[in-house]
Amino acid sequence: MPTESIIAIYGSPRRKGNTATLLKKAVQGARDAGAAVDEIFLRDLKISPCMEIYGCKHGGECRISDDFQKVRDRLLAARGLMLASPIFFYTVSAHAKILMDRFQSLWVKKHWVEDAPLGKPVYTRKGMFIAVGATKGKKLFDGTLLTVRYFFDVMDMQLWRTLLYRGMDLEGDVLKHPEYLEEAYQAGTEFAKMLLDGQS
Ligand SMILES: Cc1cc2nc3c(=O)[nH]c(=O)nc-3n(C[C@H](O)[C@H](O)[C@H](O)COP(=O)(O)O)c2cc1C
């Protein structure tokens with residue numbers, strides 16, 4: 001059976017925080033199912049915010065040279081993405097958002113350089129998203145999900161599943177919820193199996 005590659009992106013500044021713990025479980029599940037998983041901790045990388053200079057208009061390559069290019073190449077090579085981020089002011093963490101904004105260069109490549117039509121995503125890959133917030137409001141994930149969906153679209157990636165958890169704030173709070181950890185493990189397993197089976 002061929003191994004399928006998945007990239008796991010840890011978006012929290014906390015190395016062992018709630019989202020990192022959940023994503024680690026999903027990674028374990030995917031590996032146990034036979035997938036190859038490449039892990040990236042955004043907090044360890046130096047990635048500048050997008051400077052909106054649109055150097056990418058000329059060929060689609062971002063002109064800021066830093067760790068973004070490495071992450072982009074690994075992400076574009078993967079069949080699946082597992083992204084995890086805490087909710088910060090009703091969206092993703094700054095680490096995750098900075099990475100997303102740099103992918104504007106890919107949007108420019110597709111739609112300005114290569115003239116692909118807008119609003120017609122062609123999904124060739126899949127992703128899952130894990131988020132945790134401290135509060136319990138009904139709209140807690142609304143802003144984040146718009147951001148994540150649009151980011152996934154730019155990468156031709158269908159949002160396959162979301163795992164969204166409320167009411168956890170301190171590092172380690174997620175350990176009080178073994179059912180969430182089990183759900184993340186199962187999601188990782190299913191995600192990998194789906195990619196390995198080549199299901200649509
Ligand atoms: C800068 C910052 C902004 C936050 N904004 C929100 C928020 O808008 N809504 C919320 O419910 N929790 C918010 N939180 C709480 C985090 O979402 C919560 O602590 C989460 O469990 C952190 O996940 P992590 O351990 O993976 O980093 C915020 C925390 C920080 C540090």
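By convention here, the first residue in the shown sequence is residue 1. When a ligand or atom number is given, it counts from 1 through the structure's own listing order. All values below come from the heavy atoms of this structure, side chains included, with hydrogens, waters and symmetry mates left out. Worth saying up front: this structure is predicted, and the values here are computed from it rather than measured.
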*asked:* Under a 4.0 angstrom heavy-atom cut-off, which atoms of ligand 1 come close to G133?
replied: 11 (O), 17 (O)

*For ligand 1, which atoms, with element, lie under 4.0 Å from some heavy atom of G17?*
25 (O), 26 (O)

*After noting the C-alpha distance and the side-chain angles of E114 and K109, does the key distance pass the salt bridge (charged side-chain N to carboxylate O under 4.0 Å, His left out) rule?*
CA-CA 6 Å; E114 294 167 2; K109 182 169 189 285; 3.1 Å; yes

*If we ignore angles and hydrogens, is there a donor and acceptor under 3.5 Å between the side chains of Q186 and E190?*
no

*Presence of salt bridge, D197 and K193, under 4.0 angstrom*: no

*Nearest protein heavy atom with distance in Å, relative to atom 11 (O) of ligand 1*: T135 OG1, 2.6 Å

_Can you tell me if K110 has over 12 outside heavy atoms packed within less than 6.0 Å of its NZ?_
yes

*Begin with the C-alpha distance, continue with both residues' side-chain angles, and end with the deciding distance and a verdict on side chain to side chain donor-acceptor pair (under 3.5 Å) for Y123 and W160.*
CA-CA 11 Å; Y123 297 123; W160 170 76; over 6 Å; no

*Taking only heavy atoms of V132, which atoms of ligand 1 are found under 4.0 Å from at least one of them?*
17 (O), 20 (C), 21 (O)

*Should you measure from each heavy atom of Y90, which atoms of ligand 1 turn up under 4.0 Å away?*
8 (O)

_atom 23 (O) of ligand 1 [closest protein heavy-atom partner, distance rounded to 0.1 Å]_ = P86 CB, 3.3 Å

*Any ion pair linking K25 and E183 (charged N to carboxylate O, less than 4.0 Å)?*
no

*To the nearest 0.1 Å, how far is atom 9 (N) of ligand 1 from its closest protein heavy atom, and which atom is that?*
L140 CD1, 3.7 Å

*Select one of side chain, backbone, both or neither to describe which atoms of A134 lie under 4.0 Å from any atom of ligand 1, heavy atoms only.*
both

*Among all protein non-hydrogen atoms, which one is nearest to atom 26 (O) of ligand 1, and what is the separation to 0.1 Å?*
T19 OG1, 2.5 Å

*Salt-bridged, R74 to D38, with N to O below 4.0 Å?*
yes

*Would you check whether I87 has a nitrogen or oxygen atom less than 3.5 angstrom from a nitrogen or oxygen atom of ligand 1?*
yes

_atom 5 (N) of ligand 1: nearest protein contact (heavy atom, Å)_ = F89 N, 2.9 Å

*If every non-hydrogen atom of M128 is compared with every non-hydrogen atom of A187, which pair is closest and at what distance?*
CE-CB, 3.9 Å

_Below 4.0 Å, non-hydrogen atoms only: which portion of D173 touches ligand 1? Side chain, backbone, both or neither._
neither

*Considering only heavy atoms of S12, which atoms of ligand 1 have at least one such atom less than 4.0 Å away?*
24 (P), 26 (O), 27 (O)

*For ligand 1, is there an N or O atom under 3.5 Å from any N or O atom of L170?*
no

*asked:* Looking only at protein heavy atoms, which one is nearest to atom 2 (C) of ligand 1, and what is the separation?
replied: F88 CD1, 3.5 Å

*For residues T189 and D32, determine if any side-chain heavy atom of one lies less than 4.5 Å from a side-chain heavy atom of the other.*
no

*Are Y185 and Q28 close enough that a side-chain donor and a side-chain acceptor fall under 3.5 Å?*
no

*Please report which non-hydrogen protein atom sits nearest to atom 20 (C) of ligand 1, along with the residue it belongs to and the distance in Å to one decimal place.*
M168 O, 3.5 Å

*Hey, looking at atom 15 (C) of ligand 1, which of L22, D169, I130 has the closest heavy atom?*
D169

_Around atom CZ of R149, are there more than 12 heavy atoms from other residues, nucleotides or ligands closer than 6.0 Å?_
no

